[in-house]
Amino acid sequence: MGTRVISLLLAISFFVSVAGFTIFVIIEANQDDTDNTQQLSNTFDISENNNQQSTDQGANTVLAGTILDGFDTRDNGQTAELEITDIVEGTGDAVSAADVVTVHYTGALVRTGEIFESSKDSGSPATFGLTNLIVGWQEGIPGMKPGGTRRLVIPATKAYGDNPRPGGLIQPGDDLVFDIELIGITE
């Protein structure tokens, strides 16, 4: 009988030890999660403050909402055909209609010159297959060479016509102007 009592006491103490250790681990894990959540929350607050400071300090570098340099505005409908002007001629192989291009672009309204979108605001160039873009880009980018910059003045019929993206600055029938800097070509 003495052996059974000792075995039972050992089993109970083992159970209590395991249960106690398990509870300790759970409490510590919850405490770590709370600390991590607080740390993430603090990081988010700091990044929000940094973003606010960056926006405040870099307000002059954001292009969207500003006026496109060197463009004389005109009324919609005065652009009958696609106008292509090379500002800087690049070097190397020219873009073909089937290529995928990497570009920096800035798009503005012809009627006001107001920039509605620029890849430079994100700091990263954009990559597009030409066949997936508005007709003005499909016709206006081929022939460009890497390093080149081209201005496209696009009539509404070769842009978004009467179906612009909802909620944006582009209105039905808006003619558009794009400054496009060709970074690279992928066939």
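Please read these numbers as outputs of a predicted model, since none were measured by experiment. Side-chain atoms are counted along with the backbone in the values below, which use heavy atoms only and exclude waters and symmetry mates. By convention here, the first residue in the shown sequence is residue 1.
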Closest heavy-atom pair and its distance - A159, L176: CB-CD1, 3.7 Å
E114 side chain vs A108 backbone, donor-acceptor pair below 3.5 Å: no
Nearest heavy-atom neighbours spanning A80 and P155: O-CG, 3.9 Å
Where Q171 and P164 come nearest, the two heavy atoms and their spacing: C-CG, 3.7 Å
Hphob cluster co-occupancy, F128 + I183, side-chain heavy atoms under 4.5 angstrom: no
Closest non-hydrogen atom pair, R151 against D69: NH2-O, 3.0 Å
Shortest non-hydrogen contact between L169 and I115, atoms and distance: CD1-O, 4.1 Å
N-O pairing of R111 and D175 below 4.0 Å: no
Min side-chain heavy-atom separation V95-L182 under 4.5 Å: yes
I170-L133 co-clustered via ILVMFWY side chain contacts under 4.5 Å: yes
Close side-chain approach of T106 and L68, heavy atoms under 4.5 Å: yes
Donor-acceptor side-chain pairing of T73 and T112 below 3.5 angstrom: no
Flag side-chain contact, heavy atom, 4.5 Å: R150 against I87: no
Close side-chain approach of T186 to V101, heavy-atom, < 4.5 Å: no
Hphob cluster co-occupancy, I180 + L130, side-chain heavy atoms under 4.5 angstrom: yes
Stepwise ring pair (Phe, Tyr, Trp, His ring centres under 6.0 Å) test for F71 and F178: CA-CA 10 Å; F71 180 73; F178 284 93; over 10 Å; no
Worked check of side-chain contact (heavy atoms from CB on, under 4.5 Å) between V153 and L82: CA-CA 6 Å; V153 181; L82 174 65; over 6 Å; no
Exercise: identify the closest heavy-atom pair between L63 and S118: CD1-OG, 3.4 Å
Heavy atoms of other groups near Q78 CD, more than 12 under 6.0 Å: yes
side-chain contact (heavy atoms from CB on, under 4.5 Å) assessment of I134 paired with I154: CA-CA 10 Å; I134 60 174; I154 305 172; 4.0 Å; yes
Residues V110, D174; criterion side-chain contact (heavy atoms from CB on, under 4.5 Å); working and verdict: CA-CA 7 Å; V110 165; D174 269 345; over 6 Å; no
Atom pair NE2 (H104) and OG (S122), whose distance is rounded to the nearest 0.5 Å: 7.0 Å
Carboxylate-amine/guanidinium contact K158 E83, below 4.0 Å: no
Spacing of M144 atom CE and S96 atom OG [to the nearest 0.5 Å]: 13.5 Å
pair R165-F116: side-chain heavy atoms closer than 4.5 Å: yes
Evaluation steps, side-chain contact (heavy atoms from CB on, under 4.5 Å), between L152 and I84: CA-CA 5 Å; L152 304 177; I84 300 171; 3.8 Å; yes
